[in-house]
Amino acid sequence: MSIDSKGKTAGESGAPGATNFIKAIIDEDNKTGKYGGKVLTRFPPEPNGYLHIGHAKSICLNFGLAREYGGLCNLRFDDTNPSKEEVEYVESIMEDVRWLGFDWQNRLFYASDYFGKLYEYAIQLIKQGVAYVDDLTADQIREYRGTLTAPGKESPFRNRSAEENLDLFERMKAGEFPNGARTLRAKIDMSSPNLNMRDPVMYRILHESHHRTGDQWCIYPMYDWAHGQSDSIEGVTHSICTLEFEDHRPLYDWFVDQLGIHHPQQIEFARLNLTYTMMSKRKLLQLVQEGIVSGWDDPRMPTLSGLRRRGFTPESIRDFSERIGVAKRDSMVDYALLEHCLREDLNRRAGRVMVVLRPLKLIIDNYPEGRVEEVEAINNPEDSGMGKRTLPFSRELYVERDDFREVPHKKWFRLAPGSEVRLKHGYIIKCNDYKKNPDTGEVTELHCTYDPGTRSGESTDGRQGPADRKVKGTLHWVSAAHAAEAEVRLYDQLFTKEEPDSDRDFRVNINPRSLEILKGCKIEPGLKDARPGERLQFLRHGYFCVDTRDSRPGAATGSSGPVFNRTTSLRDTWAKIEGK
RNA sequence: UGGGGCGUCGACAAGCGGUAAGUCACCAGCCUUUGGAGCUGGUAUUCCCAGGUUCGAAUCCUGGCGCCCCAGCCA
């Protein structure tokens, strides 16, 4: 069933329980016994780049379907093009799939595992008279293919004898010919309205070493020739791919039918598009190569490694995949939905902590000098099991610079001359005075008095006491003498436009403020030892995680300390009010 | 002027001839020692358009219109 705790959508109503068209197809197949009730899917990435959130949809779909129907899902690398593929990518892909929470157990495969079998199959088709070696150049093949509206014409080499084809094909494999000299093609129909059926190329000559098979081969199968047969060899029942392969299905079917082997069913669905996000692997590579981002795992990247470093949880991504559904129509999902799934998950699991991003000194004039109190702070109001911690409270504190206004808005209920606020977990204070730098006009210091009877949690006997006095605003703070410092990286959308890729050059849509680096942020004392990867909520700010690459927890003062990445901000109702 | 798909709220998405689910976003209110979270309510008289069939159509038929994909020895 659903992998998260709230998989309430899966098959809860109606007899077959289908909630998307693919499940409906599987239900029907199970009913008719098409595959004997078996469900075997596969996730078939090409190792030529890092996985992104769009792949996550496919991974969740394929592994999720297998799980739901008591079937299995294979991981198979579609490594048929040695000129683009690298081991770095296969390793990152495995790490990402595992991180997302899926397990292919002992079913890790590569299309290259089947190069030998595919070669035998090709010989079979040559013998059947439905495949031939063609001497046409790439340009000629293109010319002969015809156009969308005009039929193609047959290659002069199309009717070679099986013997001659066998001989030539054998010599192609033996390396007798240079790259591009010949191809093996399927003999189908040069006048088919479906261009994929106009004698598609099955093998091309590529004198290049492959990341797994080395120099064993110099002919490599094309996608169409490799994919369906690989599915068939593995016994895949439902071969799920994206919409652009719809036109390839007749060819997929043709190959397995000609071969007379197990016939998986190809099903196409719409790939994910997300607002403010670019999903093209090629362009993502460009961002990395041009140094626009710091790497594939830059926290602004939509790659799984980027999202992971940004602080996303695999649970939230799975939940998102579940909620967006699966259909055939092109769509554009609001980034806000992904963010919602993230916040919902983080809200219940991230420990609360107080961090002042842009510090402003606050002095409580009537608080005894040198005195330090320990106040108790709950770690997560959503989960009392997460316990409590104590925080030092003293006369001099830091509060957020943005929490003070010299001239407040009518609905402002934070600090301003004469206003009263509660210091979270501490006392109610009143702002009496403030100091400014006469030259710059910058506020440098706030002077307040506190009400000693209002300490948080003081009136636990159930009766209303002074500690229960209500004020409208509650602020986070950190004791000046006890605070540690940290670097905080505020990330925002990488692009300013919902469809960054809709312009000729996506670079014009890059958000110049996608990253703001804050140094000298004041963190509560316990935070200097935060573990890399740890996720926290900075009270009133948002969700942050300790950077796994640059953070130096517990580092001595003076050197680089902890580094936090903002995963996402909290919903900011005040910003809306102020904006009106 | 070829072929393959797709058109239901701002965004996703159910619906499969019986009279428009749900989610996000948005709006309003309640609650709150995070202007967070939570809670309550509101938001498509209508399903791309036009005809037709039917007691009844988002669902069936016909004809339009719009959008996406396909002419790599990429996947």
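Residue numbers start from 1 in every chain, and the chains themselves are labelled A, B, ... in the order their sequence lines are given, proteins ahead of strands.
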Original post:
So what does A/Y220 touch, heavy atoms closer than 4.0 Å: a base, only the sugar-phosphate, or nothing?
Top reply: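 Answer is nothing: A/Y220 stays at 4.0 Å or more from every strand.
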**OP:** Would you mind classifying the nucleic acid contact of A/R414 as base, sugar-phosphate or nothing, using non-hydrogen atoms under 4.0 angstrom?
**Re:**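 Touches a base.
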**OP:** Starting at the 5' end of nucleotides 36-44 of chain B, put B wherever the base has a protein heavy atom under 4.0 Å, S where only the sugar-phosphate does, and a dash everywhere else.
**Re:** BS-------
Original post:
So A/R76 and A/E234, salt bridge (Lys or Arg N to Asp or Glu O under 4.0 Å) or not? Walk me through it.
Top reply: CA-CA 10 Å; A/R76 182 177 71 237; A/E234 291 174 17; 3.1 Å; yes
Original post:
Excluding sequence neighbours, so at least two apart, what forms side chain to side chain contact (heavy atoms under 4.5 Å, CB included) with A/D247?
Top reply: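 Scan of A/D247 (side chain to side chain contact (heavy atoms under 4.5 Å, CB included), adjacent residues dropped) gives A/N194, A/N196.
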Original post:
A/C218: what forms a side chain to side chain contact (heavy atoms under 4.5 Å, CB included) with it, not counting sequence neighbours?
Top reply: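 For A/C218 the side chain to side chain contact (heavy atoms under 4.5 Å, CB included) partners, ignoring immediate neighbours, are A/H207.
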Under 4.0 Å: is that the gap between some side-chain N or O of [X] and OP1 or OP2 of [N]?
{"X": "A/K576", "N": "B/G35", "value": "no"}
{"X": "A/T80", "N": "B/A75", "value": "yes"}
{"X": "A/R204", "N": "B/C74", "value": "yes"}

Original post:
Excluding sequence neighbours, so at least two apart, what forms salt bridge (charged side-chain N to carboxylate O under 4.0 Å, His left out) with A/R204?
Top reply: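 Here no residue qualifies.
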Original post:
For residues 269-281 of chain A, which residue pairs qualify under salt bridge (charged side-chain N to carboxylate O under 4.0 Å, His left out), counting only residues two or more places apart or in two chains?
Top reply: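 Qualifying pairs: A/E244-A/R271.
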Original post:
Between B/A13 atom C1' and A/N273 atom CG, what is the distance in whole Å?
Top reply: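 A/N273 atom CG is separated from B/A13 atom C1' by 16 Å.
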**OP:** Whole angstrom is fine here: how far is it from CD1 in A/I577 over to P in B/C26?
**Re:**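 Rounded to the whole Å, the gap is 13 Å.
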Where the side chain of [X] is defined as all heavy atoms beyond and including C-beta, which of [options] is the nearest nucleotide?
{"X": "A/M222", "options": "B/C73, B/A13, B/G35", "answer": "B/C73"}
{"X": "A/D247", "options": "B/G4, B/C74, B/G35", "answer": "B/G4"}
{"X": "A/R145", "options": "B/C24, B/A75, B/G72", "answer": "B/G72"}
{"X": "A/F245", "options": "B/A11, B/A75, B/G35", "answer": "B/A75"}
{"X": "A/I324", "options": "B/C26, B/C12, B/A14", "answer": "B/C12"}
{"X": "A/L337", "options": "B/A75, B/A71, B/C24", "answer": "B/C24"}
{"X": "A/L148", "options": "B/A71, B/C73, B/G10", "answer": "B/A71"}
{"X": "A/R323", "options": "B/U33, B/U23, B/A14", "answer": "B/U23"}

Looking only at N and O atoms, is any donor in the side chain of [X] or the base of [N] less than 3.5 Å from an acceptor on the other one?
{"X": "A/D330", "N": "B/G5", "value": "no"}
{"X": "A/R249", "N": "B/G4", "value": "no"}
{"X": "A/R329", "N": "B/U8", "value": "yes"}
{"X": "A/S456", "N": "B/U33", "value": "yes"}

Original post:
Is the ring of A/Y223 stacked on the base of B/A75, with centres less than 5.5 Å apart and planes under 30° off?
Top reply: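 Check failed, A/Y223 does not stack on base of B/A75.
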**OP:** Please tell me which of A/H227 and A/L423 maps to the more 5' nucleotide of RNA chain B, matching each residue to the nucleotide holding its nearest heavy atom.
**Re:**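 Nearest-nucleotide comparison on RNA chain B picks A/L423.
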**OP:** Tell me whether the guanidinium CZ or amine NZ of A/R185 lies under 6.0 angstrom from the six-membered ring centre of A/Y132 and within 45° of its axis.
**Re:**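 Negative - A/R185 is either too far from the ring of A/Y132 or too far off its axis.
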Determine all donor-acceptor pairs shorter than 3.5 Å in which one atom belongs to a side chain in residues 143-150 of chain A; sequence neighbours excluded.
unit_1, atom_1, unit_2, atom_2, d
A/T147, OG1, A/T149, N, 3.2
A/T147, OG1, A/A150, N, 2.9

